[in-house]
Structure formats: structure tokens, C-alpha cells
Amino acid sequence: MVLFFTCPFSSHSLEPFLNFPEKYVQDIMSEVLPRLIQLSMDINASHSVRVLIEKTSDKNVKEITEILLPRIVELSHHQFGRFVVEKIIERGSKEHVEEIFNKFVPRLVDISIDQNAHFVLQFMIAKADQNQLSKMMKILSPHFVDLSTHQYGSYIMDALFERANEEQFLSLLESHYPYLMDLCMHQYGHFAVQNIIRGANEEQLTTILKRLSPHLVELFTDNNGTFVAQKIMEQCSKPIHYETIAKGLKGKIASVSRENPFKGLVFRMLDHFPMKYYSFAIPEIVPNLPKGHLDKLSLETNVENAKEEELTEILKVLSPHCHLLANHLLGSVLLTKLLEKCTSLDHYEIISNGLDGKIVDLCKSQYGYTLYNYLLNFPLMGQEDKSATA
């Protein structure tokens, strides 16, 4: 039977044997148990051992676990043995899982950064009760930042963020906060910052945004930081969030769009902002707007679907920038749609105020002259005002 275990496809044939009467299963066990450690580290036999653990009785699982326990850490570090340990954690009793956990505790940091054992620890974290989780957090807390910037340790931090309660999350946040910008730019550290942003409450998120907003251009133009910038934009939901980001990006939009390796990303990030919060970006964006990116700001969608009150708000935002839009191909298309939608005197008045003193320039611009035709269709009061200005 031992030789059978080491055959390449033995695991596929083992299950029928485990359905034999108990006497024959015990015969299998009596042959396998003396060489259980060796079999658990064999490329083929380890799979058969996992099938045995999965399908056999609780009594046999207990016996297998007790044999493996003295060398459970060693197996966790092994490329094949670690799969057997995961299966033991899955099927073992609560008492045995606690024993495995206690074996891990003295070497928790080493296990966290081992290429094989870190998989077992992730599995343990997912299965851990709150007491075990708290104990792991306490042991690992001095190493949180180091783990977040480690190839394998970063996966452990992901698992801890996933399971952390409110108090534990606060501990994770406080340990990472002093290093927030460095982590944003780090190959692995940026995952920790994304977890922090994802889990933060409104007050915490506001604090994080205030810390990061002066550096948003750096984030947008960094290969790792750009993922943090995306997560920031996704999590924004309150006026204070939009205002903080707008303050950080003001005057820098054009440089972001030019330098960003993921061209046009900044436009997609602003996509779901309420218009009054990204109105600051319009004079910066329009002269640098890449072809096909007007829709990324949802301006056309906003105009097309706007009700009268919403259209009034859009007009208030855009009217100071009408002359800029008129000198841009895509901007002029947007203005045309806007003028087509105008229905009330309030609308005409807002646009008239926005174009006051700029009609001559509008007529001379490459695209603006076509818009002047729409102005001639304004009600009489609007025409007189515009003619006088011209």
C-alpha cells in the first residue's frame, strides 16, 4: 500500500478502498502510518494522504493528526507537506487545531514570510477564532509594516485585514499611518493601503485623504500608487472627500494626464464626482482632453439625461468655461448638445452671463462659430444682449 501511495495517480484510485469495511481501512492505516511524514512530503503520496484525511473517519483523522503534530511546522514549510497541514486544519478537531496554532505561535513571523508556510498561515487565519486572531495580531503587530512590504508577508496582511474587527483594524491603521506614502509607492505595500482605504470608516477615510491629497499627482503617475489613487476615488462618497481630492488635484490635472502611464485614468477617476466638485478641473482638462475621453467625465451623459433642475446646475458649472469648451472639438460638441437642451429663460441667462464679452472670440475660434448659430436662436432678449456685446 505504501508503494501504491507513491504512484502518480494513486490518489484517484484510493477513494474506493476507503469505502471498504473498517477492517480493511485499518489495514491501509497500519501500513501508511509508520511512514506518514515521509509520504506527506512526497510529490505523489502527499495527495493520497490528503484524500485519506478527507475521506476517512474522525477517529483515523485524530490518529493521523497526533502523528503529524510533532513535525507540523516542518511540514508547513515543505512544498508538498503544507497541503497536508491545510487538510488537517480543515478536518481536525477544535482541540487539534488549537495545538497546531500553539506550534505556530513561537515561529509566527518566520512562517509569515516563508514561500510555502505562508499559505498554511493564511488558511489558519481564515479558520481562527477571535482569541487566536487577537493573539496573532498581538505577536505580529511590531512587524506589520515589514510584512506589508514583503512578497509573502503581504498575503498574511491581506488575510488579517479581511478578518480584523473594528479594534484590530484601528491597530493596523495606526501602525501603517506614519509610512502611508512610502507604502503607496511600494510593490507590495500598496495592497495594505488599499485594504486600509477599503476598511476605513468615514472619519478615518477623511484623515487618510487629507494625508494623501497633496500627493495625488505622485500617486497617479506611479505604477503602484495609481492603484491606491483608484481605490481612493472609488471609496469617496461624502462632500468632504470630494473637496479634499479636488484641493489636491487643483492646478495639476494637465500634468497628470500627460505623465500618467495609464493615460486617461484621471478622467475615469473623476467620472462619478458630482459636477460641482470637478468643475475646477474643466479649464485644466479641456485643452488637454485626449480624443474619446470626453465621455469619461460623464459630461455628455449628464447633459443628455438631465432634468431641468439638473441641467440648470450643469449650466452653472460649465458657463464660466464656455469659451474654453468652444475652442475644443469635443468641447464644442458638448456645448452644442447643451444649447439644444436649453428650454427656459434661466438657462439662456446663465449661458449669456458665461459668454459675456467673449462672443467675438467665439466667432473667430475654429469650432465656436457653429455655436454662434445656436445663440441666434435664443429668445429675442438673448439675441439683443449678445448683439450688443458683439
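Under a 3.5 Å cut-off, the side chain of His118 and the backbone N or O of Asp114 do form a donor-acceptor pair. When atom types are taken as modelled, the side chain of Asn195 and the backbone of Phe191 share a donor-acceptor pair closer than 3.5 angstrom. One N or O on the side chain of Arg163 and one on the backbone of Ala128 form a donor-acceptor pair closer than 3.5 Å. Distance alone, capped at 3.5 Å, places no donor-acceptor pair between the Glu174 side chain and the Ser171 backbone. Here the side chain of Arg91 pairs a donor or acceptor atom with the backbone of Thr56 at under 3.5 angstrom. No side-chain donor-acceptor contact under 3.5 Å links Thr226 to the backbone of Asp222.
When every heavy atom of Phe169 is checked against every heavy atom of Ile196, the shortest pair comes out as CZ-O, 3.3 Å. Taking each heavy atom of Tyr152 and Ile113 in turn, the nearest pair found is CD1-O, 3.4 Å. Of all the heavy atoms in Cys184 and Val228, the pair that sits closest is SG-CG1, 3.7 Å. The two residues Val97 and Ile89 have their closest heavy-atom pair at CG2-O, 3.6 Å. Taking every heavy atom of both residues into account, Arg82 and Asn116 meet most closely at CD-O, 3.9 Å. In terms of heavy-atom proximity, Cys236 sits nearest to Tyr242 at O-OH, 3.7 Å.
For the pair Met29 and Val32, the minimum side-chain heavy-atom distance is 4.5 Å or more. A 4.5 Å side-chain heavy-atom check between Thr244 and Leu212 finds every atom pair outside the cut-off. Between Arg107 and His77 the shortest side-chain heavy-atom distance falls below 4.5 Å. Side chains of Leu205 and Gln235 form a contact here, defined as non-hydrogen atoms less than 4.5 Å apart. Here the side chains of Phe80 and Met41 are not in contact, with every heavy-atom distance at 4.5 Å or above. Under the 4.5 Å side-chain criterion, counting only non-hydrogen atoms from C-beta, His176 is in contact with Leu183. Annotation: side chain of His150 is not in contact with side chain of Met157 (no heavy-atom distance under 4.5 Å). Looking at heavy atoms from C-beta onward, Phe83 lies out of side-chain contact with Ser40 at the 4.5 angstrom threshold.
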- Show your reasoning for whether side chain to side chain contact (heavy atoms under 4.5 Å, CB included) applies to Leu147 and Leu140. CA-CA 9 Å; Leu147 290 175; Leu140 294 176; 4.0 Å; yes

- Task: Output, in order, the C-alpha distance, side-chain angles, deciding distance and verdict of side chain to side chain contact (heavy atoms under 4.5 Å, CB included) for Gln204 and Leu170.
- Result: CA-CA 9 Å; Gln204 292 166 341; Leu170 185 59; 3.8 Å; yes

- Where do Ile208 and Ile232 land on the side chain to side chain contact (heavy atoms under 4.5 Å, CB included) test, with the steps shown first? CA-CA 9 Å; Ile208 293 166; Ile232 287 172; 5.8 Å; no

- Query: Given the rule in the side chain to side chain contact (heavy atoms under 4.5 Å, CB included) test, do Glu74 and Ile37 qualify, once you have shown the distances and angles that lead to the verdict?
  - Reply: CA-CA 10 Å; Glu74 179 188 348; Ile37 299 293; 5.5 Å; no

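Residues Gln151 and Gln115 bring no donor and acceptor atom of their side chains to less than 3.5 Å of each other. Side chain to side chain, Gln130 and Asn165 meet the donor-acceptor criterion of an N or O pair below 3.5 Å. When only modelled atom types and interatomic distance are considered, Gln194 and His190 share a side-chain donor-acceptor pair under 3.5 Å. Looking at His96 and Ser93, their side chains do bring a donor and an acceptor atom within 3.5 Å of each other.
For the pair Arg198 and Phe161, the cation-pi test (distance below 6.0 Å, angle within 45°) is failed.
Under the 4.5 Å side-chain heavy-atom criterion for grouping Ile, Leu, Val, Met, Phe, Trp and Tyr, Leu75 is not connected to Phe119 through any hydrophobic cluster. If you chain together hydrophobic residues whose side chains sit under 4.5 Å apart, Phe123 and Val109 fall into the same group.
Checked for salt-bridge contact, Lys103 and Glu99 miss the test: no charged N lies under 4.0 Å from a carboxylate O.
Taking CG of Leu52 as the reference point, atom CG of Leu33 lies at 8.0 Å (rounded to 0.5 Å). Taking OG of Ser112 as the reference point, atom CG of Leu160 lies at 8.0 Å (rounded to 0.5 Å). To the nearest 0.5 angstrom, Tyr155 atom OH is 8.0 Å from Tyr188 atom OH. Leu180 CG to Leu173 CG: the interatomic distance, rounded to the nearest 0.5 Å, is 8.0 Å. Taken from NZ in Lys247 to CD in Glu243, the straight-line distance is 10.0 Å, to the nearest 0.5 Å. Between the CG atom in Leu36 and the CD atom in Glu63 there is a gap of 9.5 Å [rounded to 0.5 Å].
Crowding of Glu162 atom CD: a count of heavy atoms from other residues, nucleotides or ligands under 6.0 Å not exceeding 12.
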